[in-house]
Trainee: 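The structure follows.
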Amino acid sequence: MELTGLTRAAAAATVTPPAPRRGWGELRFAPLLPGERHGRRKVVVAAISEEVPRLAASPSSGIKGGGAGERRPAPEKVALRAALTVRRKQKEDIKETVAGHLDALWDMVGRNVVLELISTKIHPRTKKPMQSGRVSIKDWCQKRGAKGDHVVYTAEFTVDADFGEPGAIAVANRHNREFFLESIVVEGGGLPCGPVHFACNSWVQSTRELPTKRVFFSNKPYLPSETPPGLRELREKELKDLRGDGTGVRKLSDRIYDYATYNDLGNPDKGKEFIRPILGGEKIPYPRRCRTGRPPTDTNMLAESRVEKPHPIYVPRDEAFEELKQGAFSSGRLRAVLHTLIPSLIASISAETHNFQGFHHIDNLYKEGLRLKLGLQEHLFQKIPLVQKIQESSEGMLRYDTPSILSKDKFAWLRDDGFARQAVAGINPVNIERLQVFPPVSKLDPAIYGPPESSITETHIAGHLNGLTVQQAMDEAKLFIVDYHDAYLPFLDRINAIDGRKAYATRTIFFLTEAGTLKPIAIELSLPPAKPGEPRPSKVLTPPYDATSNWLWMLAKAHVSSNDAGVHQLVNHWLRTHATMEPFILAAHRHMSAMHPIFKLLHPHMRYTLEINALARQSLINADGVIESCFTPGPVSGEISAAYYRNHWRGVAVEDATQPHGVRLLIEDYPYANDGLLLWSAIRSWVESYVQLYYPDAGTVQCDLELQGWYHESIHVGHGDLRHAPWWPPLSTPVDLASILTTLVWLASAQHAALNFGQYPLGGYVPNRPPLIRRLLPDLERDAAEYAAFLADPHRFFLNAMPGVLEATKFMAVVDTLSTHSPDEEYLGEGRDEGGVPWTADEAAVAAHGMFAADVRRAEETIERRNADHGRKNRCGAGVLPYELLAPSSPPGVTCRGVPNSISI
């Protein structure tokens, strides 16, 4: 392998370490001082004279005086010092420990970490960037035994006095293993601008793994046209490296961002039941995901082979979970495994435990844990020593926490007001819309799916409109609908053919009462026509009037909730946040330098998203994964998600310039929208202020090639299947840019938080929100025996329609993990310093973010006041849960609140 200049110099140094000379630094560390914590040591640097040293002409120097014809004196020199903060792993396995000792040995013989400063200026003679001499860190092995999470190393450089401002620093890691470089600070009396900060936060690979040097830029933002001469070539090269060439299998150590279709969800090599269609392309439009380059499967050259857990799936190295996050996520996965394993083993012994025998058995999941919840005798557990051992070692891990939905009113989920409240303050509060056409009309092809009109008539609902006609109620914006008819109907034949899965395509109409709350007044349950074009079999249910109609109404609401759970997970949560954001993240890394001010704005909102999406492809949305196992659509889940890709939420607001946020909500007490507008407004103000700092006019936006390249590729490649859709906003003006960025920041932060962190607190009680249903409503004409069984024991019929014990406990364990905030979560509006250094050198941007942080704090205070306002009946009242999903701050754990900056779980 051909060595680069830096590598050749490093190799030479391993043979004969050079004597100290001009351009090489010296490192020395003080011992640990009393009272210092976490093993941090004060850095003592070899004394540097306050006075810039001069090299005077002398016989020994070979430089003579300044007479005619004599050699010109050497330029003046200044000393600079760099402090590097390296984050250490809290836990190392044996392999890593051995590698660390080997690195210490290599370091002692000269195979160490080499640094080089790069100026923002170019050399007047060579026209190349001015560079310092190379400096090796000398004390790496001595610091290995120090305690604490971080180690600080220092290095000294001697550079020409006209070196200018360091704009980049090159790092060559000649050890055997990677290390995490958190930050670098360069300071010295010769710097014209004071200390220069480098927020690195990156893994630096060994030159054995990646022969080239890593380059880090300072935290000073530059538009492409403003890039200092000394950094232009490096800026372009770094982006080229991050894009890669689109070929090859990616290694876990790579930092390459590229695109691929979702062709890795199935596993045709395991059998035809694991074949899944490719999501992405003309046939099934879908966003793109991060390319891994894995070879195709043996049986289908278009399908990519899979990497199954626990083996890691590729994401660019710096996108992987950090240690705290990984620990929290692994703990959640362990809990999920235990919760799934025990019921599975028990079910293999006792077939009676497949179904819940009563509501008290579900309650026991939270009270007594898995051991007692099924009413099994002690002798059964003696047959499963593994279960006994796991239970003894896992302490309380096998007991589920009581979901918040049960904490204040155990029976709220049974009532119509509790059911309706979840449409505006639940896990999926984004699908309710104003009813403007009655009866509702399908957009599906009538030649296949029958007449488009709904079966709901005015007769069904007239008695529930407080004396209004249907037209009057629509004109006064009193009627609303949650309509899943078209989303489910094309797939119902395939869903209902699956053993243990039954579904309808549902519509639910709500009436807005004088109190400002909603009440359900009609539910339509539809099935596909027996033959194309024939009328659809459908049932219309209205609020109950006797015992039988009450149980049928409960079952109908359960089917609506199951539809809602599927659309929430497959569309609003996964597709519209996780999958939609991924192409914008990939394109940002491929086209915008870390120096770009817009990259700096977006950076905290991209954290961990590629990693969590990769894990979702591996375990959640894959064939026979959690989503298929636990949700009604099963193997057609991906196709339902893709069918929704073209549609957009219309919402329940109208523009109104007289309102504080420019819109008027048609449902005034709409907790999700009320609080969402607070955060949307704060984000919009922050983004607009930030954009104005760098883009004073349309010309600056249109001439920014990196910015335009990012947006163009996000749409034409990342969302290429819909690139010709008319609704993509243009990017021509600062207003356009601010609008696009506001939407992306909103999706990554507030929108995702509202849809994600209530999954266990509000959905962990399965009867309230069953992820799957196993029975259609009883029908006397279709099955007289089943109908008789329903009349005889409606309680058992209802529970047998719910998920079984195994499906329920698996679902609960997974959503518990997905609802958890990790200890290293970064929340909206919090400080943005990275690795102890400022995220930007632009003081105006720092001030603007400070104003944003204040806006977010005020929003949180407003949310707290709203939750105590008894006039807001959807968030305050007897047994009513406060709505906190958009309250920005949160401690770690399952809290049903908190708005992280990014889609990190």
Side-chain angles (χ1 to χ4, degrees), residues 431 433 435-465 469-471 473-474 479-498 501-511 520-545 548-549 551-564 566-567 632-634 636 639-640 643-644 646-647 773-787 790 801:
N431 280 105
E433 55 188 340
L435 182 63
Q436 295 180 291
V437 176
F438 188 86
V441 177
S442 171
K443 295 180 181 178
L444 297 174
D445 185 352
I448 300 175
Y449 299 103
E453 292 79 17
S454 167
S455 298
I456 302 173
T457 66
E458 187 158 354
T459 303
H460 287 118
I461 65 175
H464 304 281
L465 302 181
T469 66
V470 171
Q471 189 60 50
M474 288 195 297
L479 290 179
F480 295 85
I481 187 170
V482 173
D483 190 344
Y484 297 133
H485 178 277
D486 290 4
Y488 276 87
L489 196 69
F491 302 96
L492 285 183
D493 282 336
R494 293 162 64 190
I495 292 172
N496 290 335
I498 302 170
R501 306 287 173 100
K502 291 294 181 283
Y504 295 100
T506 68
R507 289 188 179 105
T508 308
I509 295 180
F510 297 90
F511 179 73
I521 60 175
I523 294 174
E524 180 182 21
L525 307 176
S526 297
L527 293 171
K531 296 180 180 179
E534 290 186 355
R536 294 181 307 279
S538 64
K539 298 176 182 289
V540 177
L541 293 94
T542 55
Y545 50 86
T548 301
S549 62
W551 279 103
L552 292 172
W553 182 246
M554 282 179 58
L555 284 164
K557 289 192 294 184
H559 273 281
V560 171
S561 296
S562 183
N563 268 196
D564 189 72
V567 170
T632 298
V636 302
E639 294 171 72
I640 289 180
Y644 242 100
R646 295 180 184 272
N647 300 327
I773 298 285
R774 297 186 292 164
R775 285 188 173 185
L776 297 174
L777 266 64
D779 187 296
L780 181 60
E781 295 181 4
R782 187 188 71 241
D783 190 331
E786 182 186 63
Y787 193 80
F790 161 70

Trainee: How long is the straight-line distance from NZ of Lys539 back to CG of Leu527, given to the nearest 0.5 Å?
Mentor: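 Interatomic distance, Leu527 CG to Lys539 NZ, rounded to 0.5 Å: 8.5 Å.
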Trainee: So which heavy atom on Ile495 is nearest to which on Ala503, and how close?
Mentor: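 Taking every non-hydrogen atom into account, CG2-CB, 4.2 Å.
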Trainee: Are any side-chain N or O atoms of Arg536 and backbone N or O atoms of Pro451, one a donor and one an acceptor, separated by less than 3.5 Å?
Mentor: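 Side chain of Arg536 to backbone of Pro451: a pair is present.
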Trainee: Taking all atoms of both residues into account, what is the closest heavy-atom pair of His460 and His464, and its distance?
Mentor: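 It is O-CD2, 3.8 Å.
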Trainee: What's the shortest heavy-atom distance between Ser454 and Arg507, and which atoms?
Mentor: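 Minimum heavy-atom separation between Ser454 and Arg507: CB-NH1, 3.4 Å.
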Trainee: Is there a side-chain contact between Pro490 and Ile448, using heavy atoms and a 4.5 Å cut-off?
Mentor: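 No. Closest side-chain heavy atoms not under 4.5 Å.
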Trainee: If you round to the nearest 0.5 Å, how far is CZ of Phe438 from CD1 of Ile481?
Mentor: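 Rounded to the nearest 0.5 Å, the CD1-CZ separation comes out at 9.0 Å.
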Trainee: Are the side chain of Lys502 and the backbone N or O of Arg774 linked by a donor-acceptor pair below 3.5 Å?
Mentor: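 It does not hold such a pair.
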Trainee: Any side-chain heavy atom of Asp564 within less than 4.5 Å of one from Thr508?
Mentor: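 No, too far: nothing below the 4.5 Å cut-off.
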Trainee: What are the two closest heavy atoms between Lys443 and Asp486, and how far apart are they?
Mentor: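 The answer is N-OD2, 2.9 Å.
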Trainee: Would you name the heavy atoms of Leu777 and Glu786 that are closest together and state the gap between them?
Mentor: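 Minimum heavy-atom separation between Leu777 and Glu786: O-OE1, 4.4 Å.
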Trainee: Nearest heavy-atom pair of Arg782 and Leu776: which atoms, and what distance?
Mentor: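 Closest approach of Arg782 to Leu776, heavy atoms only: NH2-CB, 4.2 Å.
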Trainee: I'd like to know if the side chain of Glu524 and the backbone of Ser455 have a donor-acceptor N/O pair within less than 3.5 Å.
Mentor: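 The answer is yes, because a donor-acceptor pair under 3.5 Å joins these two groups.
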Trainee: How about Pro440 and Leu435: do any of their side-chain heavy atoms sit closer than 4.5 Å?
Mentor: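 Yes, their side chains come closer than 4.5 Å.
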Trainee: Is a side-chain N or O of Asn563 found less than 3.5 angstrom from the main chain of Ala505, in a donor-acceptor match?
Mentor: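 Answer holds: no.
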Trainee: Between Tyr484 and Tyr488, what is the ring plane arrangement, given parallel below 30°, perpendicular above 60°, and tilted in between?
Mentor: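 It falls in the perpendicular class, over 60°.
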Trainee: Measure the spacing between CD of Glu458 and CD of Gln471 and express it to the nearest 0.5 Å.
Mentor: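 If I round to the nearest 0.5 Å, the distance is 9.0 Å.
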Trainee: Using 0.5 Å steps for rounding, measure from the OG1 atom of Thr548 to the OH atom of Tyr787.
Mentor: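 The distance works out to 5.5 Å.
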Trainee: What do the steps show when you test Ser562 against His559 for side-chain hydrogen bond (donor to acceptor under 3.5 Å, both in side chains), and what is the final call?
Mentor: CA-CA 5 Å; Ser562 183; His559 273 281; 5.9 Å; no
Trainee: Atom OG1 in Thr506, atom CD1 in Ile523: separation rounded to 0.5 Å?
Mentor: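 Reported to 0.5 Å precision, the distance equals 8.0 Å.
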Trainee: With a 4.5 Å heavy-atom cut-off, do Val482 and Val560 have their side chains touching?
Mentor: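 The answer is no; the side chains never approach within 4.5 Å.
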Trainee: Can you tell me how far NE2 of His485 sits from OH of Tyr504, rounded to the nearest 0.5 angstrom?
Mentor: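 Answer for the OH-NE2 pair, Tyr504 versus His485, is 13.5 Å.
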